Protein chains: 2
Amino acid sequence: MRKTFDAELLELNEALTAMARTAQDAIDVVTESLSTDDEAHAKAAIDMTASMDQMERDIENRCLQLLLRQQPVARDLRAISAAMKMVTDLQRIGDQAANIAEISLLFSRQGEVKVPQDIGVMACKAGLMVRQAISSYTGRDVETAHAVVNLDDEVDELFRKIKGDLINQVADNLDEADLSIDFIIIAKYLERIADHAVNIAQWAIFCVTGEL
Amino acid sequence: MRKTFDAELLELNEALTAMARTAQDAIDVVTESLSTDDEAHAKAAIDMTASMDQMERDIENRCLQLLLRQQPVARDLRAISAAMKMVTDLQRIGDQAANIAEISLLFSRQGEVKVPQDIGVMACKAGLMVRQAISSYTGRDVETAHAVVNLDDEVDELFRKIKGDLINQVADNLDEADLSIDFIIIAKYLERIADHAVNIAQWAIFCVTGEL
């Protein structure tokens with residue numbers, strides 16, 4: 001019985017890791033899509049986030065099966081409840097990436113668009129946070145989880161900077177204000193992605209320490 | 001057998017209607033919360049959207065039970081597959097309302113904030129679209145579904161107007177630019193809510209006509 005449980009837990013971890021990797025890939029692809037007038041990238045990102053819906057259901061089912069059949073206690077119970085919560089955050093991350101992809105599709109109809117470099121940096125950090133957060137859970141690694149929480153301060157700071165820069169651009173160049181506003185909205189979506197990664201990291205910490 | 005199926009379908013409709021009403025209430029409450037410095041409204045809206053997660057699971061379970069036990073065909077099969085898709089849109093609507101509530105919580109720490117009237121109008125229309133979209137499904141009412149799709153043009157137009165007005169405010173008053181940007185982001189969330197209502201209306205049409 002115990003062996004089956006451990007094997008199933010391992011599979012659960014693999015499923016979560018795969019979903020986190022898909023989230024990170026979707027963030028990468030959608031960021032790349034912003035600066036090209038080829039719709040294919042944005043559409044690929046939308047497909048990736050859609051596949052995350054199925055992954056979410058699969059992971060929830062695994063968790064429910066583990067809860068119902070194995071009736072775990074203490075640390076194992078925490079691990080599975082944490083996974084149930086995390087998968088919702090992962091799915092919300094997919095939603096935010098899909099929201100960015102929708103804006104990217106509008107961009108691709110306008111021809112080539114010059115994306116502020118900071119948005120690329122922010123996307124890179126947000127994607128890293130997602131993957132590290134899940135890895136802190138699967139590895140029961142509190143230190144990495146805290147690193148994710150700290151990285152969020154950098155992302156928040158970047159968001160403030162991007163917002164400030166773009167607000168000045170709006171004031172300087174009303175003709176391109178729409179584009180600047182779209183970039184602020186994209187940065188806001190990335191900031192939310194980082195927030196969800198922090199939630200995941202906090203569940204990872206709960207899983208080890210039992211503290212919320 | 002048939003009677004049970006119809007009774008279960010009725011219960012499914014009631015569950016969807018309740019979820020749509022909660023979505024509309026959450027949009028109302030969160031909009032009200034924007035102009036008060038009392039955190040209670042924003043927190044109430046967050047609680048409402050959290051309760052929608054449980055509703056989503058319940059509705060998905062009902063759909064799965066109906067699919068597996070009753071093996072419906074033709075129109076009934078369309079009705080249940082449509083419900084499965086709609087509930088995802090309803091949940092996304094809850095997410096957007098929760099995103100607005102997060103901004104509202106930040107507002108409440110800044111004291112009273114004057115919300116542009118158009119945002120209230122936009123929220124009211126978006127909430128109405130959500131409830132009408134579900135009602136067009138439960139009533140198999142293609143006409144109402146088309147009315148929802150048409151209302152989306154008005155919401156899009158309002159979004160463009162709000163964005164234009166606020167961009168001008170940013171240019172005129174850089175000191176309050178942050179607040180203007182937050183309003184644009186809120187309007188963007190409302191625009192997404194309306195988009196999800198359109199998706200629901202299109203599923204309602206599919207349910208009757210079989211056309212996607």
Side-chain angles (χ1 to χ4, degrees), chain A residues 49-50 52-54 56-57 60-61 63-64 84-85 87-89 91-96 98-103 105-106 156 159-193 195-196 198-199, chain B residues 49-50 52-54 56-57 60-61 63-64 84-85 87-89 91-96 98-103 105-106 156 159-193 195-196 198-199:
Chain A
T49 60
M52 289 174 68
D53 285 345
Q54 188 49 49
E56 184 198 15
R57 269 165 242 272
E60 277 178 350
N61 277 336
C63 292
L64 286 173
M84 291 277 279
K85 302 298 293 185
V87 73
T88 307
D89 281 298
Q91 187 243 313
R92 303 297 208 253
I93 288 168
D95 282 352
Q96 306 294 330
N99 286 338
I100 299 174
E102 295 288 340
I103 298 181
L105 279 179
L106 297 179
D156 284 347
F159 176 60
R160 272 188 293 272
K161 179 174 180 297
I162 291 171
K163 197 165 142 181
D165 289 351
L166 290 167
I167 283 173
N168 286 326
Q169 279 187 31
V170 169
D172 289 348
N173 185 355
L174 273 181
D175 290 341
E176 293 208 354
D178 267 355
L179 188 61
S180 302
I181 295 293
D182 284 340
F183 284 133
I184 293 178
I185 291 172
I186 288 168
K188 179 75 188 172
Y189 288 142
L190 290 170
E191 186 229 25
R192 296 293 290 160
I193 287 177
D195 286 343
H196 287 294
V198 167
N199 288 350
Chain B
T49 60
M52 288 173 70
D53 285 346
Q54 189 49 49
E56 185 198 14
R57 269 164 242 273
E60 277 178 350
N61 278 336
C63 292
L64 286 173
M84 290 276 280
K85 302 299 291 184
V87 73
T88 307
D89 281 296
Q91 188 244 312
R92 304 297 208 253
I93 288 168
D95 283 351
Q96 306 294 331
N99 287 337
I100 299 174
E102 295 289 340
I103 299 181
L105 279 179
L106 298 179
D156 284 347
F159 176 60
R160 272 189 292 273
K161 178 174 181 297
I162 291 170
K163 196 165 142 183
D165 289 350
L166 290 165
I167 284 173
N168 286 326
Q169 280 186 31
V170 169
D172 289 347
N173 184 356
L174 271 181
D175 290 341
E176 294 208 354
D178 267 355
L179 188 62
S180 303
I181 295 294
D182 283 339
F183 284 134
I184 293 177
I185 291 172
I186 289 168
K188 180 74 189 175
Y189 288 141
L190 290 170
E191 185 229 27
R192 296 294 290 162
I193 287 176
D195 286 344
H196 287 294
V198 167
N199 288 350

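These figures come from a predicted structure and were not determined experimentally. Below, chains carry the letters A, B, ... as their sequence lines are ordered, and counting in each starts from 1.
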Legend entry - Lys/Arg N to Asp/Glu carboxylate O, B:D53 vs A:K85, below 4.0 Å: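 Here B:D53 does not pair with A:K85 in a salt bridge, since their nearest N and O are not under 4.0 Å apart.
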Legend entry - A:Q91 CD to B:Q91 CD distance, which is reported to the nearest 0.5 Å: 5.0 Å
Inset, instruction - With rounding to the nearest 0.5 Å, note down the distance linking CD1 in B:I181 to CG in A:L166. - result: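 With rounding to 0.5 Å, CD1 (B:I181) is 8.0 Å from CG (A:L166).
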Side chain, backbone, both or neither: which part of [X] has a heavy atom under 4.5 Å from chain B?
X	answer
A:D182	side chain
A:Q169	neither
A:I167	both

Inset, instruction - State, yes or no, whether a side-chain contact exists between B:R92 and A:N99 at a heavy-atom distance under 4.5 Å. - result: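 The answer is no; the side chains never approach within 4.5 Å.
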Inset, instruction - Would you mind checking which part of B:T88 comes under 4.5 Å of any heavy atom in chain A, side chain (CB onward), backbone (N, CA, C, O), both or neither? - result: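 The answer is the side chain of B:T88.
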Inset, instruction - Go through B:K188 and A:K188 one step at a time and tell me if the side-chain contact (heavy atoms from CB on, under 4.5 Å) criterion holds. - result: CA-CA 11 Å; B:K188 180 74 189 175; A:K188 179 75 188 172; over 6 Å; no
